[in-house]
Protein chains: 2
Amino acid sequence: MPPATRRDPSAARARVTLSDVARYVGVSVSVVSRELNGDPALRARPETRRRIHAAAKTLGYAPNHAARSLRLSRAFAIGVIVPELTNAIYDGLIRGIDDAADALGYQVLMGRTERIEPGADFLHRLVGEGRVDGFLVQRKDETDFHDFAHLIEAAAPIVLINSRGSRRGSVVLDDAAGARAAAEHLLDLGHRDIALIGGDIHSYTGRARERGFVEAINAAGMRRRSAWILHSGYSPEAGRLAVHELCAAGGRRPTGVVVANMNAAMGALLGAREIGLRVPEQLSVVAIHDAWIADYAWPPLTTVRMPQYQLAYEAMRLLHLRLAGERPQDVTITEPAPLLVRRESTAPPPKRLARGRAPSGESGDAAPGGAIGGGTPGS
Amino acid sequence: MPPATRRDPSAARARVTLSDVARYVGVSVSVVSRELNGDPALRARPETRRRIHAAAKTLGYAPNHAARSLRLSRAFAIGVIVPELTNAIYDGLIRGIDDAADALGYQVLMGRTERIEPGADFLHRLVGEGRVDGFLVQRKDETDFHDFAHLIEAAAPIVLINSRGSRRGSVVLDDAAGARAAAEHLLDLGHRDIALIGGDIHSYTGRARERGFVEAINAAGMRRRSAWILHSGYSPEAGRLAVHELCAAGGRRPTGVVVANMNAAMGALLGAREIGLRVPEQLSVVAIHDAWIADYAWPPLTTVRMPQYQLAYEAMRLLHLRLAGERPQDVTITEPAPLLVRRESTAPPPKRLARGRAPSGESGDAAPGGAIGGGTPGS
DNA sequence: CTGTTAGCGCTTTCAA
DNA sequence: TTGAAAGCGCTAACAG
């Protein structure tokens with residue numbers, strides 16, 4: 001043994017290992033290991049158990065992750081792929097995943113979709129090196145999903161968030177209900193000329209939200225104008241252009257618009273300003289999704305809050321189940337129900353444009369009976 | 001050996017190990033290991049080297065991370081702690097860290113500040129279990145930093161982002177220059193009554209930005225009113241209240257305000273609307289930091305773009321160096337210089353309030369000579 | 001009730 | 001030029 005190997009350049013925290021604890025207690029490592037892992041097959045006397053836990057605590061024992069991982073061939077970590085991390089829209093999503101992962105003992109690696117697109121080395125490395133056990137992925141609508149998903153699926157179990165994919169496992173929200181709530185809000189205010197600035201027609205959420213929108217319109221006994229259903233996508237820029245498209249031509253224009261996404265709605269507000277349309281006096285805007293930024297939009301944006309947190313929590317739970325060997329499931333989160341948060345971007349339609357029968361509820365700016373309570377934004 | 005252990009419930013991807021490669025090539029594992037790791041002490045014939053790389057590629061070899069980590073006592077992962085992930089303001093930061101980490105071979109675990117506050121079990125577990133080698137932390141101004149940092153420091157090397165801490169290692173921006181650029185923009189427009197909605201007085205950025213602001217005011221030969229320097233903090237709500245405070249009283253009010261943070265500036269715009277002040281006609285607002293959301297504010301927000309990406313990249317590099325045994329450094333990122341991005345929230349002050357000499361540059365809404373180029377927001 | 005031991009895949013020292 | 005072997009810390013099968 002070389003003399004004086006004390007010269008450890010880095011902080012040299014002494015790592016406490018299982019055998020340290022075992023020696024301290026005076027038992028073997030296996031007993032300690034099994035006790036600390038709660039092995040039900042272990043039959044030890046209560047006194048021993050107590051001393052083991054006490055020793056672990058006093059010595060500050062923490063199981064070495066690498067060793068555990070090597071031994072069990074599990075990383076106890078999952079990868080999360082979302083289009084962009086730093087978007088207020090994903091706040092609930094990230095928190096839900098984070099909390100669930102913590103509760104289930106996983107670490108979370110966040111990745112941007114763009115990382116995985118080019119050659120997908122990133123993903124393969126992650127699973128190839130055994131760094132993650134599986135993935136939670138929210139697809140970006142524009143990407144060609146088949147390349148992408150099969151790539152991942154080949155490597156590790158995944159659970160899809162906000163989209164359905166055969167035989168994988170997925171969690172979605174009741175997007176139709178969300179869109180319905182948004183449309184009904186406008187109908188209750190007396191609007192009859194309502195447009196949808198929707199998502200990609202190929203995406204699950206895009207289709208579900210369109211369906212909900214159409215259901216509400218039909219239930220109110222109105223004909224929808226197909227020109228007023230747009231499949232714009234979820235970016236601010238898309239929302240901005242959509243408003244131009246809807247309101248530019250000289251003809252009849254909608255008095256209210258449901259925007260399928262909050263970011264797109266921010267763009268829609270800008271588009272309206274560019275055209276010179278006042279919101280909500282001339283155009284009401286209601287968006288699906290809620291986030292703090294809605295309070296600081298101009299005007300503050302009326303939204304439908306969706307249970308993103310619960311969605312994410314459930315997704316993590318499903319992935320955990322899959323990793324434990326269970327079969328993939330496709331679930332839909334319906335609780336809590338979509339909640340309308342009234343702010344200032346919606347109002348009754350302008351008088352001069354109102355035709356036909358009066359609005360079903362009382363007019364004015366009091367919330368109609370059908371609308372769900374007015375929002376404290378913070379939740 | 002038990003018969004037929006083929007019944008592997010999960011996908012059962014066959015893991016390719018070093019010894020698989022070695023066997024395939026016909027050499028021993030140590031040669032393969034050293035060749036693949038580029039050990040300069042290895043003296044192997046070129047032919048062997050070639051065959052090793054070829055075999056690794058055809059077999060799809062990926063080094064097992066857990067084993068490597070166990071052997072080397074390094075996690076090859078770092079933890080990132082920011083106040084909130086899902087804030088557009090941290091976009092550059094996250095991307096910079098992510099890119100640098102990727103380039104240097106680290107994985108990134110993201111954590112929210114709130115996770116580490118209560119009992120800090122989270123952090124201790126992370127390092128105690130050897131899951132991360134170190135941390136990059138952007139403190140939340142409000143937290144009591146000493147508890148927090150010592151806690152972390154005790155456990156693992158950290159590099160502070162956007163704050164200075166003795167003997168740790170840190171990276172900051174030239175915040176004074178950013179604030180100076182913002183103030184000079186207002187001065188160039190002809191403003192003489194300028195306020196600062198600043199950050200926490202105890203924070204590095206709060207102080208540096210105040211210093212830059214004061215320097216610009218002094219250099220222009222004006223007396224600053226101390227009532228017009230607020231230490232409000234960086235939240236939207238703080239910005240909103242600050243505007244109320246500055247403009248509520250009947251007395252003289254500023255015609256322009258520098259807001260030390262983009263989120264706070266969103267709040268400031270709201271505050272101005274609540275009071276009935278038109279931006280920029282009656283009040284000009286310029287914020288430090290830039291993000292896509294500035295384009296969708298009303299009016300679109302004039303900002304000073306700071307090199308956050310570079311900051312973050314350098315922080316990761318510094319942490320890497322520390323982990324390699326080098327001494328902590330404190331660095332300041334000055335390149336690229338803060339860049340004024342002109343949008344629509346700033347304009348010359350209202351005529352009726354302008355007193356004293358005329359603005360130094362030409363008036364009107366053309367950019368004065370001193371201002372740096374007008375912005376393409378996307379970068 | 002508890003201890004011994006093999007081995008997860010890798011790096012690295014030492015020997016040939 | 002290359003190989004053998006130890007050992008990182010842990011779990012689990014098996015043996016008392």
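By convention in this document, chain letters (A, B, ...) are assigned in the order of the sequence lines, proteins followed by strands, and residues within each chain are numbered from 1.
- Rounded to an integer number of Å, the gap from CG of A/D39 to P of C/dT2 is 13 Å.
- An OP1 or OP2 oxygen of D/dT2 is reached within less than 4.0 angstrom by a side-chain nitrogen or oxygen of B/R45.
- Remark: the A/S30 side chain and the C/dT4 base include a donor-acceptor N/O pair separated by less than 3.5 Å.
- Residues B/G26 and B/L72 each lie close to DNA chain D; by heavy-atom proximity, the contact nearer the 5' end of the strand is made by B/G26.
- Across the protein-nucleic acid pair, A/R23 atom CZ and C/dG3 atom P stand 14 Å apart, rounded to whole Å.
- Atom pair B/R34:CZ and D/dA4:P shows a separation of 12 Å (rounding to whole Å applied).
- Residue B/S28 has its side chain nearest to D/dG3 when only D/dG3, C/dC10, D/dC10 are considered.
- Within 4.0 Å of B/T17, counting heavy atoms only, lie sugar-phosphate atoms of the nucleic acid but no base atom.
- Atom CD in B/E47 sits about 10 Å away from atom P in D/dT2, given to the nearest Å.
- Across all strands shown, B/T48 has heavy atoms under 4.0 Å from sugar-phosphate atoms exclusively, and none from any base.
- No engagement by A/S69 is indicated, since no non-hydrogen atom pair under 4.0 Å with the nucleic acid exists.
- Pairing each heavy atom of A/I78 with each of A/L136, the nearest pair is CD1-CD2, 3.8 Å.
- Among D/dC14, C/dC10, D/dC10, the nucleotide with an atom closest to any side-chain atom of A/A67 is D/dC10.
- Checked for salt-bridge contact, B/R23 and B/D20 meet the test: a charged N lies under 4.0 Å from a carboxylate O.
- At a threshold of 4.0 Å, the pair A/R45-A/E47 does not count as salt-bridged, since none of the basic side-chain nitrogens sits closer than that to a carboxylate oxygen.
- Each of A/D99, A/D98, A/D91 was evaluated against A/R95; a single residue qualifies, A/D91, per the salt bridge (Lys or Arg N to Asp or Glu O under 4.0 Å) test.
- Position along DNA chain D of the nearest nucleotide to A/S33 versus B/V27 favours B/V27 as the more 5'-ward residue.
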> After noting the C-alpha distance and the side-chain angles of A/L109 and B/L109, does the key distance pass the side-chain contact (heavy atoms from CB on, under 4.5 Å) rule?
Replying inline: CA-CA 5 Å; A/L109 298 180; B/L109 299 180; 2.9 Å; yes
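- Regarding B/L36, its CG atom lies at a distance of 13 Å from the P atom of C/dT12, rounded to whole Å.
- Counting only heavy atoms from C-beta on, B/V31 has its side chain closest to D/dT2 among D/dT2, D/dC10, C/dC8.
- A/G130 comes within contact range of no nucleotide atom at all, as no heavy-atom separation falls under 4.0 Å.
- In this structure, NE2 of A/H65 is placed 19 Å from P of C/dC8, rounded to the nearest angstrom.
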